[in-house]
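Chain naming here is simple, since letters A, B, ... match the order of the sequence lines and numbering starts at 1 in each.
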There are 2 protein chains.
Amino acid sequence: MAAHGRRNTRLSGDDRQDAILATAEKLLEERALEEISVADLAQGAGISRPSFYFYFSSKENVLLVLLERVISEVQHRVAALPRNFEEEPAAAWRHSIGAFVDVFAAHRAVSAAAMTARLRNSDVHDLWSKSMQSWADYSTEVILAERARGAAPEGVEAHDLAVALNLMNERVLSAAFSAEAPSVNQHNVLDVLAAIWISSIYGTGTIGPAAAGRAGSAAP
Amino acid sequence: MAAHGRRNTRLSGDDRQDAILATAEKLLEERALEEISVADLAQGAGISRPSFYFYFSSKENVLLVLLERVISEVQHRVAALPRNFEEEPAAAWRHSIGAFVDVFAAHRAVSAAAMTARLRNSDVHDLWSKSMQSWADYSTEVILAERARGAAPEGVEAHDLAVALNLMNERVLSAAFSAEAPSVNQHNVLDVLAAIWISSIYGTGTIGPAAAGRAGSAAP
DNA sequence: TGAAAGAGTCAACACAGTGTCGATAGATTG
DNA sequence: CAATCTATCGACACTGTGTTGACTCTTTCA
């Protein structure tokens with residue numbers, strides 16, 4: 001693909017670019033993007049600060065490329081999953097959620113930095129926003145299909161439910177991987193998320209057939 | 001309370017401090033804290049930039065005070081609620097969640113800024129973290145009580161469930177109030193959150209008595 | 001083979017923002 | 001009417017960003 005030709009002495013542009021990306025991912029494991037200066041990235045890649053700008057327009061731009069890679073990895077993982085919601089709905093949801101858990105765990109530094117950067121960088125914001133929308137749309141479709149075949153009851157608007165559950169995953173995974181103060185243990189996180197998804201999609205949303213005597217439902 | 005004595009001419013220290021806080025809350029409705037300089041705050045309060053540092057050690061410190069106020073408002077609202085989970089569990093949860101929705105809606109700018117600042121300012125992080133923990137602990141207690149009286153079934157660890165649900169609220173409200181790309185409409189947000197809380201606390205977490213014929217539960 | 005083109009590099013600069021210091025001015029108190 | 005406390009701000013040092021323009025390799029092709 002790449003038209004390499006140069007050798008030895010000076011490193012090629014592609015190598016420098018990769019070196020910057022690698023430096024960024026490495027430094028992000030130690031500290032936030034805000035605490036990493038362009039000078040740090042340049043030094044890590046063995047170039048001067050102004051040279052950095054030859055490759056990227058800003059350090060946020062470096063993160064954007066890193067995030068693109070992570071997102072495309074999630075897409076591939078989810079796309080490769082069998083969509084057997086009819087036979088084993090609980091397992092199917094669990095596997096989908098598991099794909100997110102795995103990929104974000106593997107790139108927790110980039111993910112965490114992206115969550116922060118989204119708030120001040122519009123490119124990162126747009127990319128993340130677009131991805132979240134596509135995941136929410138996918139979830140919505142499946143929920144509607146489950147309702148249509150009678151496996152899931154009607155309840156709150158399917159799209160709203162899907163959005164809320166996807167946002168929950170984002171936040172809970174973020175907290176778990178950065179070991180924030182109140183957070184779900186990394187080893188339980190898949191169980192907890194799956195349980196909430198499944199009960200809120202397949203449960204009635206009113207207090208129904210629990211363990212003891214049924215309580216009256218308030219909603220009309 | 002405050003020992004005022006001065007008059008006229010020069011504004012008193014308390015007034016200046018309030019002016020800074022008011023300016024900050026107002027400017028935060030337009031742009032992020034990062035895009036607000038200390039000079040902007042000083043100008044808004046009618047003082048010079050160095051004078052600002054007489055009142056606050058940094059602009060993050062201003063936000064911290066603003067956040068303290070919002071959090072204490074939530075605490076008061078929640079504490080004032082009747083704890084009638086036994087009679088009307090669905091309504092009780094809904095009212096608690098409603099308190100958060102109302103207060104954060106009323107101070108959405110401060111809340112949003114705090115969510116961002118938490119990631120780089122340790123004081124804001126600690127305050128938010130402490131509050132989230134106390135809310136999660138409270139939720140855990142109620143879930144355990146509901147399980148003990150047989151109203152809610154056993155399931156995933158109560159504390160993990162409580163943490164995940166509280167983090168969901170944080171993220172979903174954040175998204176709703178800043179009208180992010182995938183977000184739940186502000187008018188539905190309470191319904192959606194309440195539905196998820198209730199079904200995940202009172203539902204089994206396995207696919208059970210839905211609309212169509214009951215599927216077997218996998219858990220032993 | 002040697003000059004033009006292109007890729008890559010960086011010293012130096014302009015700029016914006018933060019936080020500090022020290023000198024000062026107005027009120028308050030004994 | 002001094003001493004003192006509160007409040008104020010000009011001027012400074014510092015850190016980090018992004019740009020400019022001149023320079024040096026390397027490749028290519030006449």
Legend entry - Side-chain (His76(B)) to main-chain (Ser72(B)) donor-acceptor, under 3.5 angstrom: yes
Inset, instruction - Taking only the side-chain nitrogens and oxygens of Ser51(A), find out if one of them lies under 4.0 Å from OP1 or OP2 of dC10(C). - result: yes
Inset, instruction - Hey, could you give me each pair passing salt bridge (Lys or Arg N to Asp or Glu O under 4.0 Å) that has a residue in residues 35-49 of chain B? Not counting sequence neighbours. - result: Arg31(B)-Asp40(B)
Could you list all N or O pairs between the protein and nucleotides 4-6 of chain C that sit under 3.5 Å apart?
none

Legend entry - Distance below 4.0 Å between Lys59(A) side-chain N/O and dT17(D) OP1 or OP2: yes
Legend entry - Rounded interatomic separation in angstrom, taking CD from Gln43(A) and C1' from dG16(D): 15 Å
Inset, instruction - Specify the separation, in whole Å, of atom CZ of Phe56(A) and atom P of dT19(D). - result: 16 Å
Donor-acceptor pairs are to be reported for all side-chain atoms of residues 102-115 of chain B against protein atoms at under 3.5 Å, with residues two or more places apart or in another chain.
residue: Asp102(B); atom: OD2; partner: Arg77(B); partner atom: NH2; Å: 3.0
residue: His107(B); atom: ND1; partner: Glu25(B); partner atom: OE2; Å: 3.2
residue: His107(B); atom: NE2; partner: Glu73(B); partner atom: OE1; Å: 3.1
residue: Arg108(B); atom: NE; partner: Ala105(B); partner atom: O; Å: 3.1
residue: Arg108(B); atom: NH2; partner: Gln186(B); partner atom: OE1; Å: 3.1
residue: Ser111(B); atom: OG; partner: His107(B); partner atom: O; Å: 2.8

Legend entry - Close residues, residues 24-40 of chain B, relative to DNA chain D [heavy-atom separation under 4.0 Å]: none
Inset, instruction - Considering just the side-chain nitrogens and oxygens of Arg16(A), establish if one lies under 4.0 Å of OP1 or OP2 belonging to dA7(C). - result: no
Legend entry - Residue-phosphate contact under 4.0 Å: Tyr55(A) side-chain N/O, dT9(C) OP1/OP2: yes
Inset, instruction - Please state how far atom CD in Glu60(A) lies from atom C1' in dT17(D), giving the value in whole angstrom units. - result: 11 Å
Inset, instruction - Just compare dC21(C), dC10(C), dG18(D) and give me whichever is closest to any side-chain atom of Ile47(A). - result: dC10(C)
Inset, instruction - Return the value, rounded to whole Å, for the distance between atom CG of Leu41(A) and atom C1' of dG16(D). - result: 13 Å
Legend entry - Residue Arg49(A), side-chain heavy atoms: nucleotide from dT9(C), dG18(D), dT19(D) that is nearest: dG18(D)
Legend entry - Ionic contact status for Glu170(B) with Arg118(B), cut-off 4.0 Å: yes
Inset, instruction - Mind calculating the distance between CD (Gln17(B)) and C1' (dT8(D)) to the nearest angstrom? - result: 16 Å
Inset, instruction - Report the relative orientation of the aromatic rings in Phe100(B) and Trp135(B); use parallel for angles under 30°, tilted for 30 to 60°, perpendicular for over 60°. - result: perpendicular
Inset, instruction - Starting from P on dG22(C), measure out to CZ on Phe54(B) and report it in whole angstrom. - result: 17 Å
Inset, instruction - Taking the side chain as every heavy atom from C-beta outward, state whether Val184(B) and Leu161(A) have any atom pair closer than 4.5 Å. - result: no
Inset, instruction - Give the rounded distance in Å between these two atoms: OH of Tyr53(A) and P of dG21(D). - result: 18 Å
Give the table of side-chain donor-acceptor pairs shorter than 3.5 Å for residues 78-85 of chain B, with sequence neighbours excluded, one pair per line with atom names and distance.
residue: Arg83(B); atom: NE; partner: Tyr138(B); partner atom: OH; Å: 3.3

Legend entry - Whether Ser57(B) side chain and Tyr53(B) backbone form a donor-acceptor pair below 3.5 Å: no
Legend entry - Overall bend - the helix from dT1(C)-dA30(D) to dG30(C)-dC1(D), comparing terminal axes fitted on five pairs, nearest 10 degrees: 20°
